Structures are given as C-alpha cells and as structure tokens.
Number of protein chains: 2
Amino acid sequence: MAERPTGIAELHQRIPFLLSQLGVYLADDFVRRLAPFGVEPRTYAVLKALIEDDGQSQRQLSSQLSIHRNVMVAIIDKLEDQGLAKRMPHPGDRRAFAVTLTDKARKLLPALDAEGRAQEDEITASLTAAERKIVLRDLQRMSAAAGLIPGVHPKLV
Amino acid sequence: MAERPTGIAELHQRIPFLLSQLGVYLADDFVRRLAPFGVEPRTYAVLKALIEDDGQSQRQLSSQLSIHRNVMVAIIDKLEDQGLAKRMPHPGDRRAFAVTLTDKARKLLPALDAEGRAQEDEITASLTAAERKIVLRDLQRMSAAAGLIPGVHPKLV
DNA sequence: TATTGTTATACTCTATAACTATA
DNA sequence: TATAGTTATAGAGTATAACAATA
C-alpha cells in the first residue's frame with residue numbers, strides 16, 4: 001500500500017509547491033535569457049506594454065504593470081540610455097512624459113518574444129501539444145482563481 | 001481568424017509566465033498562511049526535513065535544502081527560540097549540533113501540512129480531481145525537465 | 001589542512017517620504 | 001488641493017569573507 005510521504009518529499013506532491021519551485025526557476029532562467037540583450041524582465045514588460053499602446057505616461061505604465069512609479073523612473077532611464085525608448089512631451093499634460101518606443105526597440109522585441117517561446121518549448125518538451133494546451137488552460141484557470149490580472153506579474157524580477 | 005496577442009496579453013498565453021506569476025502569488029500566500037503559527041516557509045522546510053530524519057547537523061540540513069549554512073544559523077536560532085527544535089550535542093562530531101525536534105514541533109507540523117493542502121484545494125478548486133492529477137503529473141515532469149530537485153525550493157521565501 | 005558553526009561587513013532591493021512643476 | 005515625475009533615505013535580505021573550535 002502507498003505510504004503518504006512525510007518529509008520534504010511530500011512537497012513534490014503539492015501543486016502550489018511545484019508551481020512556486022518552477023516559477024522561481026523560470027524567472028531566474030528568463031533573466032539569464034534576456035541578459036545578452038541587455039534587457040531585464042521588467043524592462044521587457046514595459047516594452048510590451050508600449051508596443052500595444054505607445055506614448056503612455058509613466059503613471060499609466062505604473063498602474064498597468066503594478067510597478068511603483070518611483071521604480072518606473074529607473075526603468076525608463078535605462079530604456080532611454082539603451083536607446084529603446086524616449087521621453088517625449090505629453091500632449092495635454094506638461095507634467096507627464098509620453099514614453100515612446102524607438103525603431104531599435106521595435107526591431108528588438110521579436111527576439112525577446114522568441115526567448116519566451118523558446119523557454120516554453122524547452123520546459124514543456126516532455127509534454128505533447130495536446131497536453132500543453134490543457135496545462136495552459138488549467139494554469140489560466142488557477143491564475144483567475146487567485147485573482148491575478150492576465151499578463152501582470154506580481155513581482156517583476 | 002485569431003489574432004496573436006502582441007502586448008502583455010501575450011504573456012497570459014505563455015506557460016512559463018503563468019508558472020512564475022502563480023508561483024510568486026502562492027509563495028506569498030503561503031507566507032501569510034504560516035504566519036499565524038509563527039512559522040516561515042524555510043523554517044517549515046527545516047521541520048519537514050527533521051521529521052523524516054531527526055538529529056541532522058546544520059551542515060546536513062544546509063546541503064539537503066540548498067540553504068547556505070550562514071543562513072541556517074538564524075533559522076535554527078529561531079526554531080530554538082520558539083521551542084520547536086533543540087541543538088543537542090552531535091554524537092561523533094563535537095563541532096556539530098544534532099538539531100532535534102521537540103514534541104511541540106511534532107504536534108505543530110500536521111497543522112502546517114494542512115495549510116499546504118488547503119492552499120492546494122483552493123487554487124485547484126476549478127479543476128476536477130482527474131484534471132488535478134494530470135496537472136500534478138505534468139508539473140512534476142516540468143520540474144524534472146528543469147533539473148530541479150524534488151521537494152527542494154530554489155529560493156525559500 | 002579541512003570542516004562546523006558563527007559573526008561581521010558590504011551590497012542589492014524595496015518601501016517610504018518628501019520635493020518640483022504642473023494641473 | 002491633487003497629481004506626474006523625481007530624488008533621498010532607511011530597512012530588509014543576500015552574499016562574501018573571516019574567525020574559533022574541532023576533525
């Protein structure tokens with residue numbers, strides 16, 4: 001008869017533990033994947049927010065991505081230094097900036113997205129395409145159950 | 001025809017992103033669940049390591065759990081302060097301690113384990129028992145694919 | 001000489017508050 | 001008076017190095 005494991009082996013049977021264990025590993029791995037491009041996960045998140053809606057103010061980016069405005073300053077600073085974004089005057093509010101993507105950023109983004117898909121391919125290599133679809137659906141369900149906002153990471157590494 | 005999402009909505013379609021998003025949320029949530037017991041995830045991990053093999057040295061605990069020995073000092077300090085573990089003389093090595101569980105710890109542990117199961121029940125509430133089994137199996141596969149050690153968290157919050 | 005446990009120090013991150021210029 | 005952006009500061013957490021006692 002099957003014994004219920006009692007030590008740390010029991011944690012390997014807990015879905016939340018596995019999610020956290022894998023999540024931490026993948027977050028670190030994603031940092032390593034983006035590093036050669038000089039990009040961090042949260043600068044990547046800002047770029048993706050802008051590719052959909054360019055010219056947002058730092059305030060808009062902050063609330064959309066749940067990143068504090070004080071932190072957003074440094075993120076935009078870095079993007080400007082790298083020539084990936086520019087602070088343009090905001091039409092209609094002279095206090096704010098319209099953060100705008102450069103052509104360089106638009107050319108770079110597909111490569112960054114590709115890293116995310118490559119990471120997914122590797123981590124799910126032992127699953128069939130059908131199994132992958134089901135896992136994706138179940139993770140989306142759990143994300144919703146937890147009240148998480150789609151595409152918003154609670155703590156951008 | 002279905003458009004591929006390009007902004008941050010695309011991240012909601014990426015398995016690694018969802019794993020990280022959920023993982024961070026669940027780790028924080030687990031901290032909140034253990035807090036009323038005065039326990040943190042890593043003290044919990046040490047207790048679980050000891051329930052299986054009591055009297056381990058700090059060195060053994062460190063390498064088993066991938067926690068640095070410098071950090072382990074403070075963890076055992078806290079467990080001693082709470083009366084959950086004791087530093088006993090180590091038979092055969094006078095440099096080391098045999099970290100030993102107290103009765104109080106043995107009585108406490110089932111309640112802590114129950115929190116983990118309760119968390120699992122809540123996050124998987126929208127899944128059937130059969131779906132849950134499949135998710136568990138797939139997460140274990142991905143954990144293995146990533147080279148992670150069963151039951152060992154890469155960064156104990 | 002290497003190892004166990006410990007302590008001290010520096011470094012990174014984050015959170016809070018406070019400042020300026022506009023609204 | 002409130003808001004957008006910015007800066008400064010303090011606190012928590014982590015990593016590294018070094019130490020005493022024992023192997």
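First the proteins, then the strands, lettered A, B, ... as listed; each starts at 1. All of these numbers come straight from a predicted model, not from anything done at the bench.
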If you fit an axis to the five pairs at each end of the helix from C/dT1-D/dA23 to C/dA23-D/dT1, how big is the angle between those two axes, to 10 degrees?
10°
Whole-Å gap separating C1' (C/dG5) and CD1 (B/Ile75)
14 Å
To the nearest angstrom, how far is B/Met72 atom CE from C/dG5 atom P?
10 Å
Tell me the interatomic distance from A/His90, atom NE2, to D/dA4, atom C1', rounded to whole angstroms.
10 Å
Using atom NE2 of A/His68 as one end and atom C1' of D/dA4 as the other, report the distance to the nearest whole Å.
12 Å
For B/Ile67 and C/dG5, give me the distance from atom CD1 to atom C1', rounded to whole Å.
16 Å
Can you check the A/Arg59 CZ to C/dA23 P distance for me, whole Å?
17 Å
Phosphate-side-chain proximity, B/Gln58 and C/dT6, N/O vs OP1/OP2 below 4.0 Å
yes
Trace of the side chain to side chain donor-acceptor pair (under 3.5 Å) decision for A/Ser126 with B/Arg141:
CA-CA 7 Å; A/Ser126 58; B/Arg141 280 192 196 166; 5.2 Å; no
Find out whether B/Leu22 and B/Ile123 are in side-chain contact, i.e. whether some heavy atom of one side chain is under 4.5 Å from a heavy atom of the other.
yes
Show your working on side chain to side chain donor-acceptor pair (under 3.5 Å) between B/Ser20 and A/His153 and close with a plain yes or no.
CA-CA 8 Å; B/Ser20 178; A/His153 197 287; 2.7 Å; yes
Between the protein and nucleotides 20-23 of chain D, are there any N/O to N/O pairs under 3.5 Å, and if so, what are the atom names and distances?
unit_1, atom_1, unit_2, atom_2, d
D/dA23, OP1, B/Arg94, N, 2.9
D/dA23, OP2, B/Arg94, NH2, 3.2

Please list each protein N or O that sits under 3.5 Å from an N or O in nucleotides 7-12 of chain D, with the distance.
unit_1, atom_1, unit_2, atom_2, d
D/dT7, O4, A/Asn70, ND2, 3.0

Treating Ile, Leu, Val, Met, Phe, Trp and Tyr as nodes and any side-chain heavy-atom pair under 4.5 angstrom as an edge, say whether B/Ile15 and A/Leu112 lie in one connected cluster.
no
Show the numbers, then the answer: is there a salt bridge (Lys or Arg N to Asp or Glu O under 4.0 Å) between B/Lys48 and B/Asp53?
CA-CA 9 Å; B/Lys48 286 199 75 71; B/Asp53 184 9; over 6 Å; no
Rounded off to whole Å, could you give me the NZ-to-C1' distance for the B/Lys78 and C/dT6 pair?
20 Å
Do any N or O atoms from the side chain of A/Lys86 and from the backbone of A/Thr102 form a donor-acceptor pair under 3.5 angstrom?
no
When you compare the side chain of A/Leu19 with that of B/Tyr25, does any pair of heavy atoms fall below 4.5 Å?
no
State, yes or no, whether a side-chain contact exists between B/Ile67 and B/Gln58 at a heavy-atom distance under 4.5 Å.
no
Integer-rounded Å distance: D/dG5 C1' and A/Gln60 CD
14 Å
Hphob cluster co-occupancy, A/Phe17 + B/Leu148, side-chain heavy atoms under 4.5 angstrom
no
